[in-house]
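One is the number of the first residue; the rest follow in order along the sequence. Here the structure is a predicted model, which means the values were calculated and not measured.
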Amino acid sequence: MSPPGVPIADPATEPAAAAGPFSTLRVEHTSTVERAADELRRAIFEGEIESGTALREIALADSLGVSRPTIREALAVLVAEGLATREPHRGVQVATPEAESVRDVCAARWVLEGAGVRRWREASDEQRDHVRTSLRTYTDAVRADGGYQELNTLHLAFHVSLVGLSGSPRLVSMAESLVAELKLALAQVERIARNAHDEAETHVALVDLLEADDVDAALTFLQGHLSDAETEIIEALGL
């Protein structure tokens, strides 16, 4: 990822290379699109670009030093991830979380994560170790004062690891889809509430219950945690 304010080299704006049998290959261009999308994600998660902000192709192309087609593709990536929306005659803008969507996502998370936690005893050693590793990676990043985007990603990765205890790739895929919807809302909550350390302690407490083989208590704890998260997100964002 390029540092803020540093133009991203874009092959689309460079002089064309000599014609040849491989002149249509676009590996570098694809990489440029990914870097542009990553820089936009960073700016959104760090609060430099707020919800509802219009993402204008010309202004972004000038700021990042890339072509408009590159920006257009990067914006398409953000729209697909749910971080931005595209409306007729209004273009693309940073997505704004809605209260009903937050409630629905949290309800679905409880179904999926609860299914995983219920199978803690039956889960494989590899699946349980993945939960432990995900938790350790997240708490290490919290202690190192990681950025909002990093903490947000690792926080949600831990929750997906709980679903992995179910042993169902389909359920994990569903959880990853929900995570994409929730990332923007959680990133904004962490910027507002700055609660990353509290969240880490909560996750440690949940895994401690599982390690003690108290699955029922872990389920009750998880349900309360997700309910609190729903309330916190809605209140913090004024939805």
Side-chain angles (χ1 to χ4, degrees), residues 30 33-34 37-38 41 44-45 73 76-86 95 97-139 141 149-187 189-190 199-200 202-211 213-234:
T30 300
V33 171
E34 292 172 351
D38 192 47
R41 284 191 206 95
I44 291 170
F45 287 136
E73 290 185 50
V77 171
L78 297 187
V79 170
E81 293 177 348
L83 295 179
T85 58
R86 188 187 303 276
E98 298 180 354
E100 192 54 41
S101 295
V102 171
R103 293 189 185 97
D104 192 36
V105 168
C106 288
R109 289 179 65 198
W110 161 241
V111 172
L112 296 175
E113 294 177 31
V117 168
R118 286 185 181 90
R119 287 189 54 82
W120 172 261
R121 297 188 185 99
E122 294 78 19
S124 68
D125 290 339
E126 181 180 1
Q127 289 162 349
R128 288 193 292 266
D129 282 342
H130 182 50
V131 171
R132 297 174 183 122
T133 300
S134 296
L135 176 63
R136 184 166 55 252
T137 302
Y138 173 49
T139 54
Q149 182 176 2
E150 178 188 14
L151 295 180
N152 192 32
T153 298
L154 295 177
H155 171 199
L156 292 172
F158 166 75
H159 281 277
V160 173
S161 76
L162 294 177
V163 182
L165 294 168
S166 68
S168 170
R170 287 179 175 82
L171 292 185
V172 170
S173 179
M174 292 170 66
E176 290 172 343
S177 177
L178 290 174
V179 159
E181 293 186 50
L182 200 57
K183 272 187 175 181
L184 178 60
L186 279 181
V189 168
E190 289 192 352
E199 288 290 339
T202 299
H203 291 69
V204 170
L206 173 61
V207 173
D208 284 346
L209 288 172
L210 290 173
E211 298 286 16
D213 203 33
D214 196 342
V215 174
D216 289 340
L219 281 167
T220 300
F221 189 95
L222 175 64
Q223 187 172 34
H225 171 67
L226 294 178
S227 177
D228 290 344
E230 174 187 315
T231 300
E232 182 180 47
I233 291 170
I234 292 174

Looking at [atom1] of [X] and [atom2] of [Y], how far apart are the two atoms once the value is rounded to the nearest 0.5 Å?
| X | Y | atom1 | atom2 | result |
| --- | --- | --- | --- | --- |
| E113 | L219 | CD | CG | 11.0 Å |
| L154 | S161 | CG | OG | 11.0 Å |
| H130 | L135 | NE2 | CG | 11.5 Å |
| Y138 | T153 | OH | OG1 | 11.0 Å |
| L162 | R118 | CG | CZ | 12.5 Å |
| F221 | D214 | CZ | CG | 12.0 Å |

Does any N or O in the side chain of [X] come within less than 3.5 Å of the main-chain N or O of [Y], such that one atom is a donor and the other an acceptor?
| X | Y | answer |
| --- | --- | --- |
| S177 | S173 | no |
| R128 | W120 | yes |
| T133 | D129 | yes |
| T220 | D216 | yes |
| R121 | D213 | yes |

| said: Pair C106, R103 - check side-chain contact (heavy atoms from CB on, under 4.5 Å), show working. | reply: CA-CA 5 Å; C106 288; R103 293 189 185 97; 6.0 Å; no
| Which is it for H155 and H203 under the side-chain contact (heavy atoms from CB on, under 4.5 Å) test, yes or no, and what are the steps along the way? | CA-CA 9 Å; H155 171 199; H203 291 69; 3.2 Å; yes
| task | Check step by step if side-chain contact (heavy atoms from CB on, under 4.5 Å) holds for V77 and R41. | result | CA-CA 10 Å; V77 171; R41 284 191 206 95; 3.6 Å; yes
| request: Inspect the contact between E211 and R132 and indicate whether a charged nitrogen and a carboxylate oxygen are less than 4.0 angstrom apart. | output: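 A salt bridge links R132 with E211.
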Locate the shortest heavy-atom distance separating [X] from [Y]; write the atom from each residue and the value.
| X | Y | value |
| --- | --- | --- |
| L222 | G114 | CD2-N, 3.9 Å |
| L178 | A108 | CD1-CB, 3.6 Å |
| A218 | L210 | CB-CD2, 3.6 Å |
| I44 | L78 | CD1-CD1, 4.2 Å |
| V172 | G164 | CG2-CA, 3.7 Å |
| G82 | A95 | O-CB, 3.5 Å |

| message | Does atom CD (E126) have a neighbourhood of more than 12 heavy atoms from anything else shown, all under 6.0 Å? | response |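 No - once you tally the heavy atoms of other residues, nucleotides and ligands closer than 6.0 Å, there are 12 at most.
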| request: Evaluate the side-chain contact (heavy atoms from CB on, under 4.5 Å) criterion for residues V79 and T85: first the C-alpha distance (whole Å), next the side-chain angles of each, then the deciding distance (0.1 Å), finally the verdict. | output: CA-CA 5 Å; V79 170; T85 58; over 6 Å; no
| said: In the structure I gave you, are the side-chain heavy atoms of F158 and V207 within less than 4.5 Å of one another anywhere? | reply: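 When only atoms from C-beta onward are counted, V207 and F158 do touch, with a gap below 4.5 Å.
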| request: Anything under 30° is parallel, anything over 60° is perpendicular, the rest tilted; go ahead and classify H225 against H159. | output: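 Answer is parallel, since the angle falls under 30°.
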